[in-house]
Amino acid sequence: MKPYHAMSKEELAEEVRSLEKAYEKTQSSGLSLDLTRGKPGQDQIELSAALDGILNNNFTLQDGTDARNYGGISGIPEARKLGAEVLDALPEEVIVGGNSSLTMMYQYVEAAHFFGLFETGESWSAEAARSGGRVKFLCPVPGYDRHFTICEALGMEMIPVPMDSEGPNIEFVREAVKADSLIKGIWCVPRHSNPSGVCYSDRTVTALSRLAADAGANFRILWDNAYSVHDLYEGCPEIAPLLKLATQAGHADSVVMFASTSKITFAGGGISWMASSVGNIERYLKRHSTMAIGPDKVNQLRHVRFLPDLDAMKAHMRAHAERLRPKFEAIQQRLEDDLGPLELAEWTRPTGGYFISFDTLPGLATQVVELTAQAGVKLTAAGSTWPHRKDPEDRNIRLAPSFPAPNEVKEAIAVFTLCVRLASARQLLGANTP
Ligand SMILES: Cc1ncc(COP(=O)(O)O)c(C=O)c1O
């Protein structure tokens with residue numbers, strides 16, 4: 001196979017004709033496949049089946065409390081300890097929530113915006129109103145759409161930050177916060193980032209731990225460690241302990257970390273964690289207790305009986321990896337075989353997490369997603385990995401192989417590569433009429 005850019009007009013025209021034929025054949029085969037959201041597969045969910053019934057009528061915590069009654073707004077001590085291991089924090093810096101870390105993120109950001117969760121009192125929105133501007137957030141791109149939705153829902157301005165192989169471009173980040181004190185936060189997915197799979201380097205984490213020194217008042221790093229233990233292979237890099245480093249640097253308040261068991265046990269029935277300085281946690285809980293008397297301690301107890309410590313969790317995650325790895329590898333193989341020699345796309349080769357980030361030639365992502373949909377394969381909408389769903393170059397597509405069965409992943413990715421080739425060949429031929 002020759003790279004498309006090295007083909008003559010005639011060769012390209014021939015390529016388009018043959019791809020169109022193959023596409024029509026695929027369309028008529030009536031596929032219905034879905035590579036959209038990063039949900040765990042059914043075989044992964046089954047790995048935690050033992051959660052059901054594990055308490056066996058024993059609801060008593062190590063300190064003698066009955067988990068079935070009201071109270072314990074910070075979460076049960078056993079689960080705080082487990083969260084501390086996951087997030088590299090101290091148990092007193094950790095609280096345990098319900099089944100969604102995203103809910104905790106939203107509640108934290110909303111409360112900081114409207115009520116202020118800071119020693120200095122003033123909320124982000126009040127400061128912005130006083131200074132006649134808008135609250136802004138740094139959004140590494142490509143990134144997680146639901147982070148952007150939180151900012152959008154609260155009327156914040158989002159500033160895209162380029163990602164490089166070590167995490168968000170730290171020079172860009174530092175200059176941005178220095179220049180604008182209304183930049184109040186940055187979203188980070190430090191390990192196996194969604195969707196690029198990047199693991200932040202020590203240099204990046206260390207720089208982030210000191211970022212508050214350059215930023216305006218009450219700046220927060222929203223550290224969403226959703227894929228903290230989600231390795232596909234042995235020997236993935238560990239992430240430097242942000243909260244510890246920030247504490248040493250005198251900036252503990254600038255760090256708010258999150259994680260959950262959504263992709264460890266049950267995505268719809270897990271537990272979540274938030275970790276920050278003790279002061280931040282106290283201020284958050286004060287606000288949170290206006291809406292809750294206590295979390296679901298029974299589910300927290302089920303989880304710590306099932307996964308008592310980080311070692312148990314890591315062993316459990318190896319079983320997840322066995323199920324996920326063949327799907328990721330099938331995708332890589334297909335991309336390599338079908339697109340590698342053609343030099344018309346770039347994609348990531350993650351060592352963990354749930355996604356592959358794929359870049360088409362500029363201007364083609366929307367068209368590729370449409371072509372694939374018309375051939376029976378749903379993909380995450382083009383643009384989703386950017387604030388306001390607007391990818392300025394229309395290139396990025398997020399592939400999520402976890403949910404479909406392995407044979408479906410193979411079928412879906414074959415359709416995808418066909419559509420990438422078709423859209424690219426048409427574009428290069430100047431015949432790009434979808
Ligand atoms: C980066 C990231 N954060 C958070 C979540 C959702 O987490 P939770 O289920 O704990 O709300 C996801 C789910 O895909 C994610 O990719």
Side-chain angles (χ1 to χ4, degrees), residues 34-41 44-45 48 51 75 79 82-83 86-87 94-110 137-151 153 158 161 163 167-168 185-200 221-232 239 242 256-275 295-296 299-300 303 307 313 317 320 324 328 348 350 352-357 379-381 384-387 396 398-404:
D34 192 331
L35 282 187
T36 53
R37 293 225 77 93
K39 295 199 288 190
Q44 293 177 263
I45 300 280
S48 302
L51 269 176
L82 180 62
V86 171
L87 285 169
V94 178
I95 55 175
V96 197
N99 77 311
S100 168
S101 60
L102 188 72
T103 303
M104 289 181 117
M105 290 175 228
Y106 177 80
Q107 287 178 346
Y108 186 85
V109 174
E110 184 196 55
F137 250 69
L138 297 176
C139 299
V141 284
Y144 179 41
D145 54 345
R146 291 181 192 264
H147 289 159
F148 306 155
T149 309
I150 292 178
C151 289
M158 291 178 266
V161 176
M163 282 286 280
I186 179 169
W187 291 107
C188 292
V189 183
R191 199 151 194 270
H192 306 310
S193 221
N194 175 354
S196 62
V198 167
C199 294
Y200 288 20
I221 298 166
L222 280 296
W223 195 248
D224 177 2
N225 213 342
Y227 303 102
S228 59
V229 288
H230 303 58
D231 300 355
L232 289 170
I239 301 295
L242 179 68
V256 193
M257 309 197 289
F258 303 89
S260 79
T261 62
S262 290
K263 295 181 182 84
I264 298 174
T265 58
F266 297 157
I271 62 173
S272 55
W273 294 282
M274 176 171 130
D296 179 352
N299 197 29
Q300 293 180 9
H303 273 77
L307 299 171
M313 193 181 271
M317 292 314 287
H320 277 272
L324 282 172
F328 275 82
T348 56
Y354 266 58
F355 305 102
I356 291 160
S357 176
L379 297 175
T380 313
S384 299
T385 54
W386 280 74
N396 192 248
R398 185 182 83 164
L399 300 172
S402 55
F403 188 68

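For the single chain, residues carry numbers from 1 onward in sequence order. Atoms within a ligand are numbered from 1 in the order they appear, just like the ligands themselves.
- One side chain, Ser357 or Asn396, offers a donor N or O that lies under 3.5 Å from an acceptor on the other.
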Please determine whether side chain to side chain contact (heavy atoms under 4.5 Å, CB included) holds for the pair Ser384 and Arg398, giving the CA-CA distance in whole Å, both sets of side-chain angles, and the decisive distance to 0.1 Å.
CA-CA 8 Å; Ser384 299; Arg398 185 182 83 164; over 6 Å; no
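- Nearest heavy atom pair, residue Ile221 against residue Leu242, reads CG2-CD2, 4.0 Å.
- Side-chain contact between Cys199 and Ile239 is present, with at least one heavy-atom pair separated by less than 4.5 Å.
- Residue Trp223 forms a ring-ring contact (aromatic ring centres under 6.0 Å, His included) with just one option from Trp273, Phe258, Tyr200, Tyr108, and that option is Tyr200.
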Note down each nitrogen or oxygen pair, ligand 1 side and protein side, whose separation is under 3.5 Å; give only atom names and the distance to 0.1 Å.
residue	atom	partner	partner atom	Å
ligand 1	3 (N)	Asp224	OD1	3.4
ligand 1	3 (N)	Asp224	OD2	2.5
ligand 1	7 (O)	Ser101	OG	3.3
ligand 1	9 (O)	Ser262	OG	2.6
ligand 1	10 (O)	Ser101	N	2.8
ligand 1	10 (O)	Ser101	OG	2.6
ligand 1	10 (O)	Ser260	OG	2.7
ligand 1	10 (O)	Ser262	OG	3.3
ligand 1	11 (O)	Ser100	OG	2.7
ligand 1	11 (O)	Ser101	N	3.2
ligand 1	11 (O)	Leu102	N	3.0
ligand 1	14 (O)	Tyr227	OH	3.4
ligand 1	14 (O)	Lys263	NZ	2.8
ligand 1	16 (O)	Asn194	ND2	2.9
ligand 1	16 (O)	Tyr227	OH	2.5

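- Residues Ile186 and Pro140 are in side-chain contact: their nearest non-hydrogen atoms beyond the backbone lie under 4.5 Å apart.
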